[in-house]
Amino acid sequence: MDEAEFDRFAEEYRALHAANIRLSGESPDFFAEYKVADVADLLARCLAADPAILDFGAGIGTSVPYFRKYFPRCRLTCLDVSHRSLEVGRSRFVDQAEFVHFGGTRVPFPDGSFDLVFFACVLHHIAHDEHSALLAEARRVLRPDGSLVVFEHNPYNPLTVHAVNTCPFDANAVLLTPASLKRSAARAGFPPGVLRYRIFFPHALRALRPLEGGLRWLPLGAQYSYHAPRG
C-alpha cells in the first residue's frame with residue numbers, strides 16, 4: 001500500500017472510477033451499494049442491531065452512505081493509508097463515520113473491537129505476501145462471534161481484467177484468485193468461509209439480475225465475495 005499513490009488520486013477518485021467502469025453501464029455507487037446490501041443479507045441473523053464495523057481501505061468513504069442505509073445504528077470506522085482520502089471522506093460524511101489513518105502494519109484498535117471487518121476491493125492493491133498478516137490483524141480486532149467479509153475483482157472475468165488494466169489507480173494492482181484469498185485467510189487463522197461470485201449482468205441486462213442468486217457458484221461474475229467467521 002502506497003500512501004502517496006492514493007493521496008494523488010483522492011480528489012478525482014470518483015470521476016476516474018466512473019470513467020473506468022462505464023462499460024458496465026453502472027456508477028460507482030451501484031458497486032458500493034450492492035456490496036453493503038450483500039453484507040446485510042448475509043449477516044442479517046449474525047450482527048447486532050448496532051454493530052461495530054471496520055471498513056478497511058475505505059478510501060474517500062464511498063461505502064459510508066450504504067452502511068448508514070443498511071445498518072443505521074452501526075458504529076462505523078473507516079480505515080485507510082491515504083491521509084488525503086480520509087480528509088475527503090471526512091468532509092463528505094461529517095459525523096457519519098470515524099476516519100482513521102492506518103500505518104500499514106498494525107490496525108490501531110484493541111483486540112475484539114469490531115463485529116465486522118469489511119474489505120471492498122482492497123487486497124489487490126497490497127502485495128500478496130502481506131495478505132495473511134493483514135488478515136490476521138483483521139481477525140485480531142474482531143470479536144469472538146465477528147465476521148470477515150472480503151470483496152475482490154474476479155481475475156477470471158475478462159471485462160474485469162480489462163477494467164483493472166486500464167484504471168489509473170490500479171496501475172500497480174495484482175488481482176488475486178479466490179483460492180489465494182482462501183489460503184491467506186486460513187493462514188491468518190480464519191476457519192473455512194463461503195465464496196460467492198457476483199455481478200454477472202451489465203446494466204443493459206439488469207432485468208436478468210434476479211437470476212444471480214442461482215449463479216453464485218459460477219466463477220464468471222465480475223467480482224466475488226468471501227465471508228468467514230472469526231472462529
>> Assigning hydrophobic clusters by single linkage (Ile, Leu, Val, Met, Phe, Trp, Tyr; side-chain heavy-atom cutoff under 4.5 Å), is L176 placed with L220?
In response: yes

>> So which atom in C74 and which in I53 form the shortest heavy-atom distance, rounded to 0.1 Å?
In response: CB-CD1, 3.8 Å

> So do V107 and L54 actually touch side chain to side chain, heavy atoms under 4.5 Å?
Replying inline: yes

> How long is the span from the CG atom in L195 to the CZ atom in R216, to the nearest 0.5 Å?
Replying inline: 11.5 Å

> Do Y66 and Y34 pass the ring pair (Phe, Tyr, Trp, His ring centres under 6.0 Å) test, and can you show the C-alpha distance, the side-chain angles, and the key distance before you say yes or no?
Replying inline: CA-CA 9 Å; Y66 305 110; Y34 102 77; over 10 Å; no

>> Can a side-chain donor-acceptor contact be found between E152 and Y226 if the only test is distance below 3.5 angstrom?
In response: no

> If every non-hydrogen atom of L175 is compared with every non-hydrogen atom of H128, which pair is closest and at what distance?
Replying inline: O-CE1, 3.4 Å

>> Return the CG to CG distance between L159 and N154, rounded to the nearest 0.5 Å.
In response: 11.0 Å

> Are the side chains of H162 and T166 in touch, meaning some heavy atoms are under 4.5 Å apart?
Replying inline: yes

>> In the structure I gave you, are the side-chain heavy atoms of F93 and L76 within less than 4.5 Å of one another anywhere?
In response: no

> Side chains of R84 and I60: closer than 4.5 Å at any heavy-atom pair?
Replying inline: no

>> Quick one, V88 with R92, criterion side chain to side chain contact (heavy atoms under 4.5 Å, CB included). Give me CA distance, side-chain angles, the key distance, then yes/no.
In response: CA-CA 6 Å; V88 172; R92 294 176 67 207; 3.9 Å; yes

>> So which atom in R73 and which in R68 form the shortest heavy-atom distance, rounded to 0.1 Å?
In response: C-NH1, 4.5 Å

> Looking at side-chain heavy atoms only, is the closest gap between L134 and L123 below 4.5 Å?
Replying inline: yes

>> If you apply the rule salt bridge (Lys or Arg N to Asp or Glu O under 4.0 Å), what do you find for R90 with E87, and how did you get there?
In response: CA-CA 5 Å; R90 196 177 290 115; E87 290 170 4; 5.8 Å; no

> Out of V81, L86, D80, which one pairs with F102 under the side-chain contact (heavy atoms from CB on, under 4.5 Å) rule?
Replying inline: V81

> side-chain contact (heavy atoms from CB on, under 4.5 Å) with V100: which residues, sequence neighbours excluded?
Replying inline: T77, L79, E98, P108, F109

>> Which heavy atom of P72 sits nearest to which heavy atom of K69, and what is that distance?
In response: CD-O, 3.9 Å

> So do the side chains of L215 and F201 get within less than 4.5 Å of each other, counting heavy atoms only?
Replying inline: yes

> Is there side-chain contact between F200 and L218, with at least one heavy-atom pair below 4.5 Å?
Replying inline: yes

>> What's the separation between atom OG in S27 and atom CD in E33, rounded to the nearest 0.5 Å?
In response: 9.0 Å

> Looking at H153 and T160, what are the two nearest heavy atoms and their distance?
Replying inline: CB-CG2, 3.5 Å

>> When you compare the side chain of F118 with that of S63, does any pair of heavy atoms fall below 4.5 Å?
In response: yes

> Which pairs, with at least one residue in residues 41-55 and sequence neighbours excluded, count as a side-chain hydrogen bond (donor to acceptor under 3.5 Å, both in side chains)?
Replying inline: none

> Can you name the nearest heavy-atom pair linking A40 to F71, along with the distance?
Replying inline: CA-CZ, 3.5 Å

>> For residues 197-208, which residue pairs pass the salt bridge (Lys or Arg N to Asp or Glu O under 4.0 Å) check, not counting sequence neighbours?
In response: D38-R198, R198-E212

Return all side-chain donor-acceptor pairs below 3.5 angstrom for residues 179-191, not counting sequence neighbours, or 'none' if the list is empty.
| from | atom 1 | to | atom 2 | distance (Å) |
| --- | --- | --- | --- | --- |
| S184 | OG | S180 | O | 3.2 |
| R187 | NE | S132 | OG | 3.1 |

> Which is it for F30 and H203 under the side chain to side chain contact (heavy atoms under 4.5 Å, CB included) test, yes or no, and what are the steps along the way?
Replying inline: CA-CA 10 Å; F30 167 82; H203 182 80; over 6 Å; no

Donor-acceptor pairs under 3.5 angstrom involving side-chain atoms of residues 143-151: please list them, not counting sequence neighbours.
| from | atom 1 | to | atom 2 | distance (Å) |
| --- | --- | --- | --- | --- |
| R143 | NE | G112 | O | 3.4 |
| R143 | NH1 | D115 | OD1 | 3.3 |
| R143 | NH1 | D115 | OD2 | 2.9 |
| R143 | NH2 | S113 | O | 3.3 |
| S147 | OG | H227 | NE2 | 3.3 |

>> Would the distance check show the side chain of R75 and the main-chain N or O of P51 forming a donor-acceptor pair, the cut-off being under 3.5 Å?
In response: no

> Do Y156 and Y224 sit in the same hydrophobic cluster, where Ile, Leu, Val, Met, Phe, Trp and Tyr count as joined when their side-chain heavy atoms come under 4.5 Å apart?
Replying inline: no

> Can you name the residues that form a side-chain contact (heavy atoms from CB on, under 4.5 Å) with P219, not counting sequence neighbours?
Replying inline: Y197

> Does R196 use its side chain to pair, donor to acceptor, with the backbone of S225 at less than 3.5 Å?
Replying inline: no

